[in-house]
Number of protein chains: 2
Amino acid sequence: MDFHLNFQVNQKVYLRDPEGSEIGRKIVKSAIDLIHQLGFEHFTFRKLAVEISTTEATIYRYFENKHRLLLYILNWYWSYMEFLVMYGIVNIKDSREKLETVVELLTHELPESSGQMDYNKRFLNQIVISESSKVYLVKEVEEINKDAVFKPYKDLCTRIADIISEHNPQYLYPRSLSTTLIETSHHQQFFSSHLPKLTDVGERGAKDFTGSFLKNLLFKAIE
Amino acid sequence: MDFHLNFQVNQKVYLRDPEGSEIGRKIVKSAIDLIHQLGFEHFTFRKLAVEISTTEATIYRYFENKHRLLLYILNWYWSYMEFLVMYGIVNIKDSREKLETVVELLTHELPESSGQMDYNKRFLNQIVISESSKVYLVKEVEEINKDAVFKPYKDLCTRIADIISEHNPQYLYPRSLSTTLIETSHHQQFFSSHLPKLTDVGERGAKDFTGSFLKNLLFKAIE
DNA sequence: TATTTTATGATAGTATTGCTATCGTAAATA
DNA sequence: TATTTACGATAGCAATACTATCATAAAATA
């Protein structure tokens, strides 16, 4: 049996659905490669256009600007992560075990899905770690938020918060703890790799270390 | 008695010391106002030059680019915060009380220092919340780090980590918990103000809420 | 006091970025 | 077959991110 994973990204994020055409899919796929390679600040539509042998004009027909393209990529990631969380905890009865699974998912490489969505998962993971906060840490955040473009992030937050509340209905900060897990998984991984003195990573790998730290933090907070 | 608070920012951050001239001080002061007003992405040296009636060339003689100027502002903030932490816990014996003081400092407005450094503290606080991660979340982070320009952040991290270890010498992640407190104080305040559904803020103010959440998180983690 | 250094302003210029507009053509659709 | 549409090609423009040069005023030094 073969099945498709299809995450419908909010229409407000794009001008023309990139999933709907060969070139659209190439834009997103190559954008992931190029943002990973150059960093978001040095990434431009012109460079992307050269990379995939098309023109800036074509890319602008799909996305208003590079911020929206990054938002598209992150929406896809957040939706995928929510799916992985739901898929990962199905059949698990113990809420503690569910939360352990969540932390593992947040701190380890994305699985190579068998589907046709052949984004480079390692690059995507790096982008989430290094660039994701740039989509909301902008002056226009509230204006942007009106289009519900952060819904996938909020949904993921809610999903994890629900498991936290299931484990401890008395805990007062399930949503904040949920976003703290997500954001902390990013910056602890980033610091572990690039500014290790800001962490206690030692000789361990960034992902394992971050996983241990987060589990400790999480369970102490709610148990 | 009157005394000067003077934080010597690492020389690698600037080309010419802005503290050493009238126009240099005006550059930093107005940069804080303008970055707060426009957001870092929309902030440019040209706009700053117009604002203080000078030329781009003059500003470029002080700072290589706007990233370095932001780094200067944050170095000043981190040094000031380290001072406030040291000053705030002096004479306190109880390590728990010390940590409570730290969280208060991290989540509340900076005091208007009596000194001559008349940066707008409210704006500075907002900049730290919204823009600080942009100085390290860049592709060139390791190259930049070689100039020790993150030392004030690391010093602040160490200072808080030391108090954590004082309170609980067995705790395994004092530095990571320290950076998590700092970073979480930023994004929980940001989310509380702009994307409140990602938090449990309710009717409370962003700062009080974040303070409560962080204290709960911190003491559960180490006690 | 004379002289040199230094800081700034004025002006110019260049490459890149971010974005819009127009037009022709090929492919898909009606 | 007619018509819509998607894309490529090309042009262009305002803003950004710088760099360079030169004159002058002020400050430091001889």
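Computation of the quantities below employed the complete heavy-atom set of this structure, encompassing side-chain atoms and omitting hydrogens, waters and symmetry-equivalent molecules.
- Between A/His36 and A/Phe123, the ring-plane angle classifies as parallel under the 30° and 60° cut-offs.
- Cation-pi check for B/Arg16 over B/Tyr62 is met; the charged atom lies under 6.0 angstrom from the ring centroid and within 45 degrees of its normal.
- Contacts of B/Glu109 classified as side-chain contact (heavy atoms from CB on, under 4.5 Å), with partners at least two apart in sequence or in another chain: B/Arg122, B/Asn125, B/Lys207.
- Atom CZ of B/Arg46 is separated from atom P of D/dA15 by 9 Å (rounded to the nearest Å).
- Summarising the geometry, the separation between CG on B/Asn65 and C1' on D/dT19 is reported as 14 Å, rounded to the nearest angstrom.
- With rounding to whole Å, B/Glu41 atom CD is found 11 Å from D/dA17 atom P.
- Classification of the A/Tyr153-A/Trp78 ring pair by plane angle, with boundaries at 30° and 60°, yields parallel.
- No more than 12 heavy atoms of other residues, nucleotides or ligands sit less than 6.0 Å from atom NZ of A/Lys12.
- Per the geometry, NE2 belonging to A/His42 stands 12 Å off P belonging to D/dA17, to the nearest Å.
- Aromatic ring pairs are classed by plane angle as parallel below 30°, tilted from 30° to 60° and perpendicular above 60°; the pair A/Phe63 and A/Tyr72 is perpendicular.
- Only one option out of A/Leu69, A/Ile35, A/Asp33 pairs with A/Leu48 in a side chain to side chain contact (heavy atoms under 4.5 Å, CB included); it is A/Leu69.
- Applying the 4.0 Å criterion to OP1 and OP2 of D/dT16, one finds that B/Lys47 has a side-chain N or O inside that range.
- With 3.5 Å as the limit, one finds no donor-acceptor pair spanning the side chains of B/His187 and A/Glu183.
- With ring centers used as reference points, B/Phe190 lies under 6.0 Å from B/His194.
- Across A/Ile127 and A/Ile32, no two heavy atoms sit closer than the pair CD1-O, 3.3 Å.
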Give me, pair by pair, the N or O atoms of the protein and of nucleotides 5-8 of chain D that are less than 3.5 Å apart, along with how far apart they are.
from  : atom 1 : to      : atom 2 : distance (Å)
D/dA6 : OP2    : A/Arg16 : NH1    : 2.5
D/dC7 : OP1    : A/Tyr62 : OH     : 2.8
D/dC7 : OP2    : A/Arg16 : NE     : 3.3
D/dC7 : OP2    : A/Tyr62 : OH     : 3.0
D/dG8 : OP2    : A/Thr54 : OG1    : 2.3
D/dG8 : OP2    : A/Thr58 : OG1    : 2.8
D/dG8 : N7     : A/Arg61 : NH1    : 3.4
D/dG8 : O6     : A/Arg61 : NH2    : 2.9

Polar atom pairs between nucleotides 23-26 of chain D and protein, under 3.5 Å, N or O only, would you list them?
none

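- For the pair B/Lys66 and B/Phe40, the cation-pi test (distance below 6.0 Å, angle within 45°) is passed.
- Overall, the helix from C/dT1-D/dA30 to C/dA30-D/dT1 carries an axis bend of 20° between its ends, with five pairs at each end and the value rounded to 10°.
- In terms of the salt bridge (charged side-chain N to carboxylate O under 4.0 Å, His left out) criterion, residue partners of B/Lys215 (sequence neighbours excluded) are, by chain and number, B/Glu104.
- Contacts between chain B and DNA chain C, taken as any atom within less than 4.0 angstrom of a protein heavy atom, begin and end at C/dA7 to C/dG9.
- A side chain to side chain contact (heavy atoms under 4.5 Å, CB included) with B/Leu214 holds for exactly one of B/Leu99, B/Thr184, B/Ile182; it is B/Thr184.
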